[in-house]
Number of protein chains: 2
Amino acid sequence: MRRDVFQAIADPVRREIIELLATETLSVNEVAEKFEISRPAISKHLKILNECGIIDFNQIGRERLCLIQPQKLIPAFLWIKQYNKLWEDRIDSFENYINQIQTKNDKK
Amino acid sequence: MRRDVFQAIADPVRREIIELLATETLSVNEVAEKFEISRPAISKHLKILNECGIIDFNQIGRERLCLIQPQKLIPAFLWIKQYNKLWEDRIDSFENYINQIQTKNDKK
DNA sequence: AATAAATGTAACTATTCGGTTACAAATATA
DNA sequence: TATATTTGTAACCGAATAGTTACATTTATT
């Protein structure tokens with residue numbers, strides 16, 4: 001079973017969980033309440049996020065608080081970031097092309 | 001069938017295809033030759049990448065050239081990027097903590 | 001001590017995923 | 001025209017995914 005950050009953020013529910021936990025620390029039940037799906041389903045998503053280190057648990061009595069570990073997103077960030085030169089060049093060359101046409105039209 | 005950039009880059013083979021096509025445009029067969037798995041398997045991966053716009057095809061005779069469209073990675077990039085303030089603060093506070101300890105030790 | 005609350009997990013199901021082999025179709029070459 | 005090349009796709013398979021309900025366990029409350 002593959003368990004990496006790319007696979008973790010592939011699921012829209014897990015991305016939403018990350019979004020929630022980025023603003024506040026919540027217990028398992030509090031996370032589950034924010035969704036339509038069952039608590040065990042959320043429990044599984046949290047387990048997957050925990051297995052790749054994106055969240056840690058902090059047991060307080062009978063509650064488990066879910067703490068985000070945002071630095072675990074860095075590898076995925078860097079993988080995508082290596083292509084930003086590529087898409088910026090693409091956009092630049094498109095803008096140059098537009099400017100070129102613009103200049104031609106201005107001359108008319 | 002969900003088909004978005006997050007799901008596209010979740011698979012390691014597809015990430016490798018993106019890496020290949022970032023440096024050169026290749027035909028379907030040329031892509032397949034770089035992998036151990038069968039050509040139809042690669043064909044499926046290319047189809048998925050195409051369905052979410054990450055690659056375009058350019059038919060030249062009987063060959064189909066695979067052209068990367070790196071700007072399609074931008075939404076995934078931005079989604080992750082919104083957390084970089086979060087992990088930078090985390091790293092900063094860790095560094096501050098280390099510096100604090102260091103300063104204490106220096107005083108001894 | 002009895003009950004309520006928070007949570008994990010087992011068992012099950014339907015669907016998707018990632019691979020395979022076999023075959024068909026289109027195009028280039030001899 | 002016959003053959004080789006490039007490619008897509010159908011049919012199949014096993015494993016993983018994402019959900020469910022039912023139940024067990026631990027901790028807090030009454």
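In the text below, chain A, chain B and the rest are named by the order of the sequence lines, each starting its count at 1. For clarity, every value in this text was computed on a predicted model and none was experimentally measured.
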Which residues pass the salt bridge (charged side-chain N to carboxylate O under 4.0 Å, His left out) test with [X], sequence neighbours left out?
X       : answer
A/Glu33 : none
A/Lys81 : none
A/Asp4  : none

Under 3.5 Å donor-acceptor pairs involving side-chain atoms of residues 49-57 of chain A, not counting sequence neighbours:
| unit_1 | atom_1 | unit_2 | atom_2 | d |
| --- | --- | --- | --- | --- |
| A/Asn50 | ND2 | A/Ile55 | O | 3.0 |
| A/Glu51 | OE1 | A/Arg3 | NH1 | 3.0 |
| A/Asp56 | OD2 | A/Gln69 | NE2 | 3.3 |

Between [X] and [N], does any side-chain N or O lie under 4.0 Å from OP1 or OP2?
X       : N      : value
A/Arg14 : D/dA18 : yes
A/Gln7  : D/dA16 : no
B/His45 : C/dG19 : yes

Nucleotide by nucleotide, nucleotides 20-30 of chain D touches protein heavy atoms under 4.0 Å in the pattern (B base, S sugar-phosphate only, - none) BBB----BS--
When the side chains of residues 60-68 of chain A are checked against the rest of the protein, which donor-acceptor pairs come out under 3.5 Å, sequence neighbours left out?
none

So the side-chain hydrogen bond (donor to acceptor under 3.5 Å, both in side chains) pairs with at least one residue in residues 20-30 of chain B (sequence neighbours excluded) are B/Ser27-B/Glu30
With sequence neighbours left out, the residues meeting side chain to side chain donor-acceptor pair (under 3.5 Å) with B/Trp79 are A/Glu19
What residues 17-34 of chain A contributes to the DNA chain C interface at heavy-atom separation below 4.0 Å is A/Ser27, A/Val28, A/Asn29
Would you call A/Arg15-A/Asp11 a salt bridge at under 4.0 Å N-O?
-> no
Out of C/dG18, D/dT9, D/dT7, minimum distance to the side chain of B/Lys47 belongs to D/dT9
